[in-house]
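Worksheet: one structure, shown below.
Every chain is numbered from 1, with letters handed out A, B, ... down the list of sequences.
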Amino acid sequence: MTPALSEALPGKLLAWYDAYGRDLPWRMKGKKPDPYSVWLSEIMLQQTTVAAVRDYYNKFISQWPNIETLAAAPLDDVLKAWAGLGYYARARNLHACAKAVVEQHGGSLPRSFEELLKLPGIGPYTAGAIAAIAYDAPHPAVDGNVERVLSRLHAIETPLPDSKPLIRKIAQDLVPEKRAGDFAQALMDLGATICTPKSPNCLICPWTDQCRGRIFGVAGTLPRKSAKKAIPTRKGYAFWLTRNDGSVLLRRRPEKGLLGGMMEVPGSEWTEKLPEGDAPLIASWRKLPGKVEHTFTHFHLEITVLAATVVDAKPPPYCRWVAVQDVDAEALPSVMRKVVAHARKMVPLRHPVQGRSPRHGTY
DNA sequence: AACGCGTGGGT
DNA sequence: TACCCAAGCGT
């Protein structure tokens, strides 16, 4: 590509962005971006769509308008507010990052890429995005959108992730000295609205004349990606244990790993062979009809729900009784909200069900 | 370096 | 329907 052409690219994109850029809650129209808003939105947007993030972002900003209030909040409150958004390590890291910024940086997010990179939950993409959007530093923010747009612009046939180093260099060379933040956001808007994964709308693209993917007629097929393998199905049980006063037993999951720190309906392991083991309390369990199905990133899950009622019992380790009307406010991930909905549909409160073939303490 | 880590919407 | 995918990070 000639120098003249490559120099024209940022200007064309910025002009397009000025006219057609999206209006999003974390973009301050005509005002200087707020680093806290930029950081919060970027963490939420990791592997997550704008549509999914919008309500969560507004809720967080209302509940914790600045990083000090977020840092002072109990982690469980943050997990409750994050529940349903997925990738819960982000919520734990968000809270840890807020505390680190307050304790080590006087409550202001650092400006340099290197310092940002040291903070929990901030990797190369997010550090670049914050540096560029919040502080207008000339850093690229290379996410999935940018990888797609630039793969097409240069008709890169090397599949991802092998092409990442090349794409990163292309992105770096494209960043303009001025308006680096707008440029980063413009590139993502272009990918989200025009240079979409399927059926890109090349007719209205500001880069259509320079796009080799379009010229070669392969834009819609790029970027190439290495094949991903199939995911297994795992099975398990969940124990819906209600108490006579209208409360249900919930359990806190271990702090790390899948759904770390979140609440759950107590259950068995999730394995490819239906597991055997002990229920959390001795009771008469009955199997509810149907299954709860859910798909995680790396496996499908089928949960069979067993229900029982007790008069009273001391909660087992990591468990506590929660009034059923308060369950919705708990830090329950989506899979567990499905379990709760399934159980509540089948088990009317205060009408204890007799076990048909009681098995005590075992399922 | 490859894998674990959620969810809901689009096609 | 059964994929595919989205502003990635931590280990």
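A:Arg27 comes within 4.0 angstrom of a nucleotide base, judged by non-hydrogen atoms across all strands. Here A:Arg22 lies in heavy-atom contact (under 4.0 Å) with a base. Across all strands shown, A:Trp82 has no heavy atoms under 4.0 Å from either base or sugar-phosphate atoms. In this structure, A:Lys229 reaches the sugar-phosphate backbone alone: every heavy-atom distance under 4.0 Å involves primed, P, OP1 or OP2 atoms, never a base. Contacts of A:Val50 with the nucleic acid, taken as non-hydrogen atoms under 4.0 Å apart, include base atoms. Base engagement by A:Leu24 is indicated by at least one non-hydrogen atom pair under 4.0 Å involving a base atom.
Between A:Lys225 atom NZ and C:dC5 atom C1' there is a gap of 7 Å when expressed in whole angstrom units. In this structure, the CZ atom of A:Phe299 is 19 Å from the C1' atom of C:dA2, given to the nearest Å. Protein atom CE of A:Met44 is 16 Å distant from nucleotide atom C1' of C:dG8, rounded to whole Å. Following rounding to the nearest Å, A:Arg224 (CZ) and C:dC5 (P) show an atom-to-atom distance of 13 Å. At whole-Å resolution of the value, NE2 in A:His300 and P in C:dC4 are 11 Å apart. Atom CG of A:Asp162 is separated from atom C1' of B:dA1 by 11 Å (rounded to the nearest Å). Taking atom CD on A:Glu147 and atom P on C:dC4, their separation rounds to 18 Å, with Å as the unit. A:Leu94 has its CG atom 16 Å from the C1' atom of C:dG10, to the nearest Å.
Taking every heavy atom of both residues into account, A:His342 and A:Leu288 meet most closely at NE2-CB, 4.4 Å.
Taking every heavy atom of residues 124-138 of chain A and every atom of DNA chain C, pairs under 4.0 Å involve A:Pro124, A:Tyr125, A:Thr126, by number.
Here A:His298 reaches the OP1 or OP2 of B:dC5: one of its side-chain N or O atoms lies under 4.0 Å away.
Heavy-atom distances to DNA chain C give each of A:Lys228 and A:Lys164 a nearest nucleotide, and the one nearer the 5′ end belongs to A:Lys228. Where A:Ile122 and A:Pro197 meet DNA chain C, the nucleotide closest to each residue was compared, and A:Pro197 sits on the side nearer the 5' end.
Electrostatic pairing of A:Lys59 and A:Asp55 does not count as a salt bridge here, judged by no charged N lying under 4.0 Å from a carboxylate O. Salt bridge A:Asp136/A:Lys32: absent, no basic N to carboxylate O contact under 4.0 Å. The existence of a salt bridge linking A:Glu330 and A:Arg320 is confirmed by a sub-4.0 Å separation between a basic side-chain nitrogen and an acidic carboxylate oxygen. Taking a cutoff of 4.0 Å between a charged side-chain nitrogen and a carboxylate oxygen, A:Arg179 and A:Asp18 qualify as a salt bridge.
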Any chance you could list the contact pattern along nucleotides 6-11 of chain B? Use B for base contacts, S for sugar-phosphate-only contacts and - for none, protein heavy atoms under 4.0 Å, 5' to 3'. BBS---
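Under the rule for a salt bridge (Lys or Arg N to Asp or Glu O under 4.0 Å), the partners of A:Lys164 that lie at least two apart in sequence or sit in another chain are A:Glu147.
Under the ring-ring contact (aromatic ring centres under 6.0 Å, His included) rule, A:Trp82 has a single partner from A:Trp64, A:Phe60, A:Tyr56, which is A:Phe60.
Checked against a 6.0 Å centroid threshold, the rings of A:Phe296 and A:His298 do not count as neighbours. Ring centroids of A:Trp285 and A:Phe239 are separated by less than 6.0 Å, placing the two rings close together.
Separation of the P atoms belonging to B:dG8 and C:dC9 is 22 Å when rounded to the nearest angstrom.
Other residues, nucleotides and ligands place more than 12 heavy atoms under 6.0 Å from the NZ atom of A:Lys80.
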